[in-house]
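A short write-up of the structure that comes next.
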There are 2 protein chains.
Amino acid sequence: MEEPHCKFETVLEILVGKWKPIVLFHLFSNGTMRFSELQKAIPDITKKMLTQQLRELEYHDIVHRKIYHQIPPKVEYSITEHGKGMSTVLQAMNDWGMSHLTHLNELYGEERSVESFEGRLDEVTGN
Amino acid sequence: MEEPHCKFETVLEILVGKWKPIVLFHLFSNGTMRFSELQKAIPDITKKMLTQQLRELEYHDIVHRKIYHQIPPKVEYSITEHGKGMSTVLQAMNDWGMSHLTHLNELYGEERSVESFEGRLDEVTGN
DNA sequence: CACTTAGGTATCTTTTTGTATACTAGGTTT
DNA sequence: AAACCTAGTATACAAAAAGATACCTAAGTG
């Protein structure tokens, strides 16, 4: 076999967390967003989770946090230059992910959406 | 709302779980492995977790489970053809992951970033 | 003087994941 | 006959992640 597939865990570590993908999606799509704009765009997220996910992305230098020292506060989030470098990886994951969805539909049936795969997995694993 | 970076969640869904990466790594590296060989290769994993992770990968048609009907039981696991198609994505994740580690080292220094990534990664790579 | 605003924290509870340990089947070896 | 394989289950438990809710700040507004 070719090169060992190993350190993709690093990417996983960045992306791990229930809300990271959708947060990243919005920031990649919209460029720069305020905390409250992200909250609006992701209605079910709590402030705590949004803060947490953003802080973790910030630690990995994927997201930049710009604070305006005003009252009421204003904080803007955006993808860093380093973070933009992730887009090819995300795109590759996205593309393969799409084709995988098609494949799963062929295997298990068309009527199932992404969300319902979870439930079907539970049927199989008995959890 | 066009979607440049969105359904990479599908890949995440396959890879999610504490032991999936190392299981995949061994199967990609070794081709075909028995349940007990995987157990040996990943000493800290419990049977329950190994079974669970393999079943989930099997559901996604990434891993194939071949049962030999004999006593004592023999079951072999391998990457499916569909699963092999994942290797480019894993490779892309891996490559970017490596450069990200370097970047983190530059940002935080060698000790700090090593500390933030778990030893399991090193187990996999043998570093 | 109280109210509003934006971007958070601080606690506590619930849910999800992962771990530990014991048990099973049925043929083979001691 | 008892012990030993392998590839699992079953059950109980601990730890981690996520959710719910209340609270904080400090200037501007009515």
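Chain identifiers are assigned alphabetically (A, B, ...) following the order of the sequence lines, protein sequences preceding nucleic acid strands; residue numbering begins at 1 within each chain.
- Ring geometry for A:Y59 against B:Y108 counts as parallel: the plane angle stays under 30°, on a 0 to 90° scale with 60° as the upper cut.
- Proximity of A:R34 to the phosphate of C:dG7: a side-chain N or O atom is located under 4.0 Å from OP1 or OP2.
- A straight line from CD of A:Q52 to P of C:dG7 spans 18 Å, rounded to a whole angstrom.
- The distance from atom CD1 of B:I22 to atom CD of B:Q53, rounded to the nearest 0.5 Å, is 11.5 Å.
- Remark on the helix from C:dC1-D:dG30 to C:dT30-D:dA1: inter-end axis angle 30°, axes from five-pair C1' superpositions, rounded to 10°.
- For A:E37 and C:dG7, the CD to C1' distance is 13 Å, given to the nearest whole Å.
- Between A:T32 and A:L27, every side-chain heavy-atom pair lies at or beyond the 4.5 Å cut-off.
- A 4.0 Å heavy-atom criterion places the boundary nucleotides of DNA chain D facing chain B at D:dC5 to D:dA12, written 5' to 3'.
- With sequence neighbours excluded, no residue forms a ring pair (Phe, Tyr, Trp, His ring centres under 6.0 Å) with B:H64.
- Enclosure of atom CE in A:M49 by more than 12 non-hydrogen atoms of other residues, nucleotides or ligands within 6.0 angstrom is indicated.
- A 4.5 Å side-chain heavy-atom check between B:V75 and B:K66 finds every atom pair outside the cut-off.
- Spacing between atom CE of A:M49 and atom C1' of C:dT15 amounts to 12 Å, rounded to whole angstrom units.
- Considering every non-hydrogen atom in both B:V11 and A:W96, the closest pair reads CG2-CE3, 3.8 Å.
- Residue A:Y77 places no side-chain N or O under 4.0 Å from the OP1 or OP2 atom of C:dA6.
- Here A:E56 pairs with A:K20 under the side chain to side chain donor-acceptor pair (under 3.5 Å) rule; sequence neighbours left out.
- Proximity note for A:K48 (side chain, C-beta onward) versus C:dT11, C:dA6, C:dG18: the nearest is C:dT11.
- The separation between B:L50 atom CG and C:dA20 atom P is 15 Å, rounded to whole Å.
- When rounded to the nearest whole Å, the span between NZ of B:K18 and C1' of C:dT19 equals 8 Å.
- Annotation: of the two residues near DNA chain C, A:E76 and B:T46, the 5′-most nearest-nucleotide partner is A:E76.
- Linking ILVMFWY residues whenever their side-chain heavy atoms come closer than 4.5 Å, directly or via other members, leaves A:L90 and A:V16 in distinct clusters.
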**Item:** Under 4.0 Å protein heavy-atom contact, by nucleotide of nucleotides 24-30 of chain C - B base, S sugar-phosphate only
**Value:** --BS---

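- Qualifying side chain to side chain donor-acceptor pair (under 3.5 Å) partners for B:E76, counting only residues two or more places apart in sequence or in other chains: B:Y68.
- Considering every non-hydrogen atom in both A:M33 and A:A41, the closest pair reads CE-CB, 4.1 Å.
- Look at NE2 on A:H69: it is 12 Å from P on C:dG8, rounded to the nearest Å.
- At least one side-chain nitrogen or oxygen of A:R55 sits closer than 4.0 Å to the OP1 or OP2 atom of C:dG8.
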